[in-house]
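Here is the structure we will look at, set down as structure tokens.
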Amino acid sequence: MIEVDLHLHTTASDGRLEPSELVELVAKRGIKFAAITDHDSTEGLPETFKAAQAFPDLTIIPGIELSSDIPGKEVHILGYFLDYSDEEFQTTLKEFRTGRVERARLMVEKLSTLGLPVEWGRVLELANGAVGRPHIAQAMVEKGYISVPQDAFVEYLGRNGKAYVQRPKLTPEEAVKM
């Protein structure tokens, strides 16, 4: 039986479950140690810790997944046991989240110029908070432009895609220092 999962996402980034729903799921599956490592966000941690109080055998580890960049490639850095109340840390994360929203909006605009319009409002609905490329891909599926979300990344939303937009990122060294 698996008792540890150190890489979990909530709806605070690109996860499908609210923090309390995720806590309930991992507890039911017998997980004893779970790290919440949302992309560029610790916004789900307060709800996570509150929900975990109902499961005394479950230890929550506050974490993060930071996107960093090296030439030609993205590298994700996982961090654990964070002081997520640190103001400077939160300011940087907020800038990253703002960058994600702006990037998504620009990608939606590019898709429109390519003859594949999707409504920005629908992308926001699908995101239910943290906006990302998967939400744009799902909107494209709903419009019938592609059959599965992964197809959007191959031709449009991936690093070399026609609608790709770069966003601010750290170097791996900067991510580790942060």
Side-chain angles (χ1 to χ4, degrees), residues 6-19 22 35-45 62-80 82 84 86-178:
L6 299 177
H7 189 180
L8 294 166
H9 298 267
T10 72
T11 53
S13 66
D14 61 353
R16 293 186 177 157
L17 299 176
E18 296 289 333
L22 182 60
I36 305 302
T37 55
D38 282 313
H39 290 280
D40 304 329
S41 175
T42 60
E43 291 180 316
L45 289 175
I64 191 101
E65 182 172 355
L66 295 172
S67 299
S68 65
D69 214 34
I70 59 175
K73 205 171 241 193
E74 186 173 84
V75 177
H76 293 207
I77 307 289
L78 292 166
Y80 303 104
L82 309 170
Y84 61 94
D86 180 83
E87 288 183 32
E88 184 177 336
F89 180 67
Q90 288 301 328
T91 297
T92 302
L93 293 181
K94 186 175 182 180
E95 290 170 7
F96 286 159
R97 289 190 303 274
T98 300
R100 280 181 182 273
V101 172
E102 180 61 15
R103 171 197 201 192
R105 191 185 59 69
L106 291 171
M107 288 178 138
V108 166
E109 286 179 12
K110 276 190 163 186
L111 286 169
S112 185
T113 64
L114 293 168
L116 304 167
V118 294
E119 285 85 33
W120 177 242
R122 181 60 183 144
V123 172
L124 293 175
E125 286 174 11
L126 290 166
N128 192 27
V131 181
R133 293 181 294 167
H135 308 112
I136 300 169
Q138 184 58 44
M140 293 176 73
V141 169
E142 289 179 2
K143 285 287 209 171
Y145 301 139
I146 54 172
S147 53
V148 293
Q150 187 55 34
D151 291 347
F153 287 86
V154 173
E155 190 168 349
Y156 300 103
L157 306 178
R159 186 179 279 267
N160 296 313
K162 296 173 186 172
Y164 183 77
V165 174
Q166 188 66 263
R167 67 178 178 83
K169 291 183 191 143
L170 302 168
T171 65
E173 294 82 9
E174 291 168 331
V176 169
K177 284 180 185 175
M178 190 172 142

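Numbers here simply count residues along the sequence, with the first being 1. Only a predicted model underlies this, so the values are computations on that prediction, with no experimental measurement involved.
- The minimum heavy-atom distance between Pro117 and Tyr145, with the atom names listed, is O-OH, 2.7 Å.
- With a 6.0 Å radius and a threshold of 12 heavy atoms from other residues, nucleotides or ligands, Glu88 has its CD atom at or below the threshold.
- For the atom pair OG of Ser41 and NE2 of His9, the computed distance is 11.0 Å after rounding to the nearest 0.5 Å.
- Residues Thr171 and Ser68 are not in side-chain contact: their nearest non-hydrogen atoms beyond the backbone lie 4.5 Å or more apart.
- Residues His76 and Glu74 meet the side-chain proximity criterion, which asks for heavy atoms closer than 4.5 Å.
- The two residues Thr37 and Glu65 have their closest heavy-atom pair at O-CB, 3.4 Å.
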>> Walk me through whether Val165 and Lys110 qualify under side-chain contact (heavy atoms from CB on, under 4.5 Å).
In response: CA-CA 9 Å; Val165 174; Lys110 276 190 163 186; 4.0 Å; yes

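- Residues Leu170 and Phe96 are in side-chain contact: their nearest non-hydrogen atoms beyond the backbone lie under 4.5 Å apart.
- Counting heavy atoms from C-beta on, the side chains of Phe89 and Thr42 come closer than 4.5 Å.
- When all heavy atoms of Ile146 and Val148 are compared, the closest pair comes out as CD1-O, 3.4 Å.
- Taking 4.0 Å as the cut-off between side-chain N and carboxylate O, Glu43 and Arg97 count as a salt-bridged pair.
- Put simply, the side chain of Thr11 does not reach to within 4.5 Å of the side chain of Arg16, judged on heavy atoms.
- If you check the side chains of Tyr164 and Arg103, you find a donor sitting under 3.5 Å from an acceptor.
- Counting only N and O atoms by type, the side chains of Asp151 and Ser147 include a donor and acceptor under 3.5 Å apart.
- One finds a salt bridge joining Asp69 and Arg159 here, because a Lys/Arg side-chain nitrogen approaches an Asp/Glu carboxylate oxygen to under 4.0 Å.
- You'll find the side chain of Pro149 stays beyond 4.5 Å of the side chain of Met140, heavy atoms only.
- Of the charged side-chain nitrogens involved, none lies within less than 4.0 Å of a carboxylate oxygen, so that Lys177 and Glu173 do not count as a salt-bridged pair.
- Atom CD of Gln90 sits about 9.0 Å away from atom CG of Leu82, to the nearest 0.5 Å.
- Contact record, Val131 with Arg100: O-CB, 3.9 Å, taken as the closest heavy-atom pair.
- Between the CZ atom in Arg122 and the CD1 atom in Ile136 there is a gap of 13.5 Å [rounded to 0.5 Å].
- Here OH of Tyr80 is found 5.0 Å from CG of Leu6. Values are rounded to the nearest 0.5 Å.
- Note that NE2 of His135 and CG of Leu124 are 10.0 Å apart. Values are rounded to the nearest 0.5 Å.
- Across Val108 and Val118, no two heavy atoms sit closer than the pair CG1-O, 3.4 Å.
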> Going through the checks in order, is the side-chain contact (heavy atoms from CB on, under 4.5 Å) test met by Glu18 and Thr10?
Replying inline: CA-CA 6 Å; Glu18 296 289 333; Thr10 72; over 6 Å; no

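- Annotation: side chain of Leu22 is in contact with side chain of Ile36 (closest heavy-atom distance under 4.5 Å).
- Classification of Glu174 and Lys169 as a salt-bridged pair fails, no side-chain N sitting under 4.0 Å from a carboxylate O.
- Not one N or O on the side chain of Ser13 forms a donor-acceptor pair closer than 3.5 Å with the backbone of Asp38.
- Using a 4.5 Å heavy-atom threshold, the side chains of Thr91 and Lys94 count as separate.
- Nearest heavy-atom pair across Val123 and Ala139 is CG2-CB, 4.0 Å.
- Here the CG-OG1 distance, from Asp40 to Thr92, works out to 10.5 Å after rounding to the nearest 0.5 Å.
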